[in-house]
Peer 1: 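I am attaching a structure below and will ask some questions about it afterwards.
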Amino acid sequence: MRTAIVLGAAVWPGGRPSPTLKRRSEHAAGLFLSGAVERIVLTGGIGRTPPSEAQAAREICRANGVPDSALFLEETSATTIENIAQALREHPFLASDNVTIVTDKYHAPRAMMTARAYGLNAQADCPPLTGTKRSRVLKSYLREIPAILFYFVKLRQISRQP
């Protein structure tokens with residue numbers, strides 16, 4: 001079975017999903033409606049404001065026609081490593097599924113590195129960054145450079161644990 005994992009992003013005051021969370025969730029809904037995935041795992045806990053990122057993403061998926069029976073939540077994570085580790089712990093079917101990681105293009109290399117470290121058979125599928133300011137996209141790509149290096153070290157430590 002093919003399952004999408006939507007990596008969390010911020011929820012703004014008033015429970016409004018950030019443009020990043022909205023973009024990722026709508027993309028996952030499109031994958032479901034096209035038949036590319038059969039279920040969606042939505043990740044992310046409560047950040048600065050409720051609801052959880054996963055709950056906000058679920059509402060977006062519902063509004064885009066995805067039935068509740070295809071939606072699974074992971075609501076405790078705050079980082080990419082936690083998104084994937086907790087999703088795998090809470091939804092063990094992921095270990096045997098073909099997984100599509102839904103995130104932004106700048107974040108995909110780190111997300112894929114994490115998914116592979118946890119043994120997932122994964123690929124990334126990224127929504128277009130249409131409407132996002134170039135300066136924001138550039139900042140996001142630049143932020144990923146130290147993050148990838150940090151994750152490389154962190155994931156090596158995790159893989160060495162019994």
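By convention here, the first residue in the shown sequence is residue 1.
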Peer 1: Answer yes if Val37 and Val41 sit in the same cluster of Ile, Leu, Val, Met, Phe, Trp and Tyr residues linked by side chain heavy atoms under 4.5 Å apart, and no otherwise.
Peer 2: no
Peer 1: Hydrophobic cluster membership, with links at side-chain heavy-atom distances under 4.5 Å among I/L/V/M/F/W/Y: are Ile158 and Met112 in one?
Peer 2: yes
Peer 1: Between Arg23 and Asp104, does any side-chain N to carboxylate O distance fall below 4.0 Å?
Peer 2: yes
Peer 1: If we count only N and O atoms by modelled type, under 3.5 Å, do the side chains of Gln86 and Ser77 hold a donor and an acceptor together?
Peer 2: no
Peer 1: Does any part of the side chain of Leu88, heavy atoms only, come nearer than 4.5 Å to the side chain of Leu120, both counted from C-beta?
Peer 2: yes
Peer 1: Taking all non-hydrogen atoms of both residues into account, name the closest pair between Pro92 and Arg89 and its distance.
Peer 2: CD-O, 4.0 Å
Peer 1: Nearest heavy-atom pair of Ile46 and Pro51: which atoms, and what distance?
Peer 2: CG1-C, 4.0 Å
Peer 1: Less than 6.0 angstrom from the centroid, inside 45 degrees of the normal: does Arg39 satisfy that with respect to the ring of Phe93?
Peer 2: yes
Peer 1: To check you understand the geometry: which heavy-atom pair defines the closest contact between Asn64 and Ala29, and what is its length?
Peer 2: CB-CB, 3.7 Å
Peer 1: Please name the pair of heavy atoms, one in Leu21 and one in Ile60, separated by the smallest distance, quoted to 0.1 Å.
Peer 2: O-CD1, 4.2 Å
Peer 1: If you compare all heavy atoms of Met113 against all heavy atoms of Ile148, which two are closest, and at what distance to 0.1 Å?
Peer 2: CE-O, 3.6 Å
Peer 1: Under the 3.5 angstrom rule, does the side chain of Glu74 hit a backbone N or O of Gly44 as a donor-acceptor pair?
Peer 2: yes
Peer 1: Decide whether Thr100 and Asp125 meet the rule of one side-chain donor and one side-chain acceptor closer than 3.5 Å.
Peer 2: no
Peer 1: Among side-chain atoms of Ser140 and His107, is any donor-acceptor pair under 3.5 angstrom?
Peer 2: no
Peer 1: Surrounding OH of Tyr141 (heavy atoms of other residues, nucleotides or ligands, distance under 6.0 Å), is the total greater than 12?
Peer 2: yes
Peer 1: Apply side chain to side chain contact (heavy atoms under 4.5 Å, CB included) to Asn121 and Val99, showing your working.
Peer 2: CA-CA 6 Å; Asn121 178 19; Val99 174; over 6 Å; no
Peer 1: Determine, stepwise, if the pair Ile40 / Thr3 fulfils side chain to side chain contact (heavy atoms under 4.5 Å, CB included).
Peer 2: CA-CA 6 Å; Ile40 302 171; Thr3 302; 6.0 Å; no
Peer 1: Which value, rounded to the nearest 0.5 Å, describes the distance between Asp97 atom CG and His91 atom NE2?
Peer 2: 11.5 Å
Peer 1: I'd like to check Val137 versus Thr132 (side-chain heavy atoms, cut-off strictly below 4.5 Å). Are they in contact?
Peer 2: yes
Peer 1: May I ask you to test the Ile81-Tyr118 pair for a side-chain heavy-atom distance under 4.5 Å?
Peer 2: yes
Peer 1: Are Ile145 and Leu138 co-members of a hydrophobic cluster defined by side-chain heavy atoms under 4.5 Å apart?
Peer 2: yes
Peer 1: Is Thr43 reaching over with its side chain to a backbone N or O of Gly8, donor-acceptor style, under 3.5 angstrom?
Peer 2: yes
Peer 1: Using a 4.5 Å cut-off on heavy atoms from C-beta on, say whether the side chain of Pro146 contacts that of Tyr151.
Peer 2: no
Peer 1: Please indicate whether Arg136 has more than 12 foreign heavy atoms, meaning atoms of other residues, nucleotides or ligands, lying under 6.0 Å from its CZ.
Peer 2: no
Peer 1: Would you say Ile101 and Leu31 are hydrophobically clustered, going by side-chain heavy atoms of ILVMFWY under 4.5 Å?
Peer 2: no
Peer 1: Under the salt bridge (Lys or Arg N to Asp or Glu O under 4.0 Å) rule, what do Asp68 and Arg62 come out as? Steps first, then yes or no, please.
Peer 2: CA-CA 7 Å; Asp68 282 337; Arg62 282 176 172 164; 2.5 Å; yes
Peer 1: Taking the side chain as C-beta and beyond, is there a heavy-atom pair between Gln123 and Arg2 under 4.5 Å?
Peer 2: yes
Peer 1: Under the 3.5 angstrom rule, does the side chain of Ser52 hit a backbone N or O of Thr76 as a donor-acceptor pair?
Peer 2: no
Peer 1: Quick one: does any side-chain atom of Arg24 pair with a main-chain N or O of Leu7 as donor and acceptor, under 3.5 Å?
Peer 2: yes
Peer 1: Between Glu82 and Thr80, do the side chains contain an N or O donor and an N or O acceptor separated by less than 3.5 Å?
Peer 2: no
Peer 1: Which pair of heavy atoms, one from Thr103 and one from Ala111, lies closest together, and at what distance?
Peer 2: CG2-CB, 4.1 Å
Peer 1: Scan Val102, Leu94, Asn83 and name whichever one has a side chain to side chain contact (heavy atoms under 4.5 Å, CB included) with Ile5.
Peer 2: Leu94
Peer 1: Closer than 3.5 angstrom, by distance alone: can the side chain of Glu53 be matched with the main-chain N or O of Ala9 as a donor-acceptor pair?
Peer 2: yes
Peer 1: Test Leu42 against Phe72 for side chain to side chain contact (heavy atoms under 4.5 Å, CB included), laying out the working first.
Peer 2: CA-CA 6 Å; Leu42 306 157; Phe72 299 82; over 6 Å; no
Peer 1: Working note: Leu129 + Tyr106, criterion side chain to side chain contact (heavy atoms under 4.5 Å, CB included); need CA distance, chi angles, decisive distance, verdict.
Peer 2: CA-CA 10 Å; Leu129 295 170; Tyr106 54 81; 4.2 Å; yes
